[in-house]
Amino acid sequence: MTVGAALCSTVRADGRRLVVDLLLPGDFFGFAASNDHDCTVEAVVDGTRANKYDRRSVEALADGSPAIAREIRNAAIEAMDRRRAHLLVVGRTTAQQKVGSFLLELADRVCREEGEALRLAISRYDIADYLAISTETVSRAFSALHRSALIEMISPQHIRILDREGLEECEETRSPCLRPN
């Protein structure tokens, strides 16, 4: 991905969309053992651009250069790490834990400084599909995290993590990410 944001998803037999990866600038995707792909990549931000590399050309480059082979291997490992992190987020017990974990993961990927406002590149609907919960549940979780002073809702698309340790702590417990005001 060079610019924008995209979601890698598949449609279940019952018609529901299952999002398996959130793609941001610098992310590589499409690594597969075969030429068959079971996912669709859809841009979720206007102006999103991705480069396409032919598998044979990439393999020829890798065969000719150990440095390029290492970069390709690192890109594949990063793609696997994103999927692993996504599984850990979806596996959280409560919606607040899922949303809190999602925000922490996204901040780690896009924020350069602690306390920097996080711009959500995807809609609540897309976040819901990414976390395997309803859109309404995502909105309630954002509100609960805001009331608990763990995050600040600057605007619907801009959030600041106020208490990273608090979000991390609720990730590790079975209780919701709520604390008294």
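All figures in this text were calculated on a predicted structure; none of them were measured in a lab.
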Mind checking the [atom1]-[atom2] spacing from [X] to [Y]? Nearest 0.5 Å is all I need.
X: Ile159; Y: Phe142; atom1: CD1; atom2: CZ; answer: 4.0 Å
X: Glu169; Y: Arg164; atom1: CD; atom2: CZ; answer: 14.0 Å
X: Gln96; Y: Ile151; atom1: CD; atom2: CD1; answer: 10.5 Å
X: Glu152; Y: Asp163; atom1: CD; atom2: CG; answer: 13.0 Å
X: Leu150; Y: Arg160; atom1: CG; atom2: CZ; answer: 15.0 Å
X: Arg84; Y: Ile77; atom1: CZ; atom2: CD1; answer: 12.0 Å

Find out whether [X] and [Y] are in side-chain contact, i.e. whether some heavy atom of one side chain is under 4.5 Å from a heavy atom of the other.
X: Gln97; Y: Thr94; result: yes
X: Asp54; Y: Val58; result: no
X: Ser101; Y: Leu88; result: no
X: Leu167; Y: Glu165; result: no
X: Val3; Y: Thr48; result: no
X: Phe102; Y: His86; result: no
X: Val138; Y: Tyr125; result: no
X: Ile122; Y: Leu22; result: yes

Show your working on side chain to side chain contact (heavy atoms under 4.5 Å, CB included) between Leu145 and Ser148 and close with a plain yes or no. CA-CA 5 Å; Leu145 294 172; Ser148 296; 5.7 Å; no
Salt bridge (Lys or Arg N to Asp or Glu O under 4.0 Å) filter on Glu59, not counting sequence neighbours, yields Arg55
Please report the closest heavy-atom contact between [X] and [Y], naming both atoms and the distance.
X: Ala107; Y: Ile161; result: CB-CD1, 3.8 Å
X: Ile133; Y: Ala95; result: CD1-CB, 4.2 Å
X: Ser9; Y: Glu42; result: OG-OE2, 3.6 Å
X: Cys8; Y: Cys39; result: SG-CB, 3.3 Å
X: Gly4; Y: Pro25; result: O-CD, 3.1 Å
X: Leu7; Y: Arg17; result: CD1-NH1, 3.8 Å

Treat each ILVMFWY residue as a node, draw an edge where side-chain heavy atoms are under 4.5 Å apart, and state whether [X] and [Y] are in one component.
X: Met80; Y: Leu23; result: no
X: Leu24; Y: Val45; result: yes
X: Leu162; Y: Val110; result: no
X: Val11; Y: Val20; result: no

> Side-chain donor-acceptor pair under 3.5 Å between Arg140 and Ser143, yes or no?
Replying inline: no
Inspect the contact between Asp129 and Arg124 and indicate whether a charged nitrogen and a carboxylate oxygen are less than 4.0 angstrom apart. no
Test: Asp63 and Arg56 ion pair at under 4.0 Å: no
Over 12 foreign heavy atoms within 6.0 Å of CG, Asp46: no
Does the side chain to side chain contact (heavy atoms under 4.5 Å, CB included) test come out yes or no for Leu120 and His158, once each step is laid out? CA-CA 6 Å; Leu120 299 177; His158 292 86; over 6 Å; no
Step by step, would you call Leu106 with Leu118 a side chain to side chain contact (heavy atoms under 4.5 Å, CB included)?
-> CA-CA 8 Å; Leu106 193 58; Leu118 179 62; 3.8 Å; yes
Does Arg83 qualify as a cation-pi partner of Phe29, given the criterion of NZ or CZ under 6.0 Å from the six-membered ring centre and within 45 degrees of its axis?
no
Do Asp14 side-chain atoms and Arg16 backbone N/O form a donor-acceptor pair below 3.5 Å?
yes
task = Test Val89 against Glu105 for side chain to side chain contact (heavy atoms under 4.5 Å, CB included), laying out the working first.
result = CA-CA 9 Å; Val89 169; Glu105 176 198 351; 3.8 Å; yes
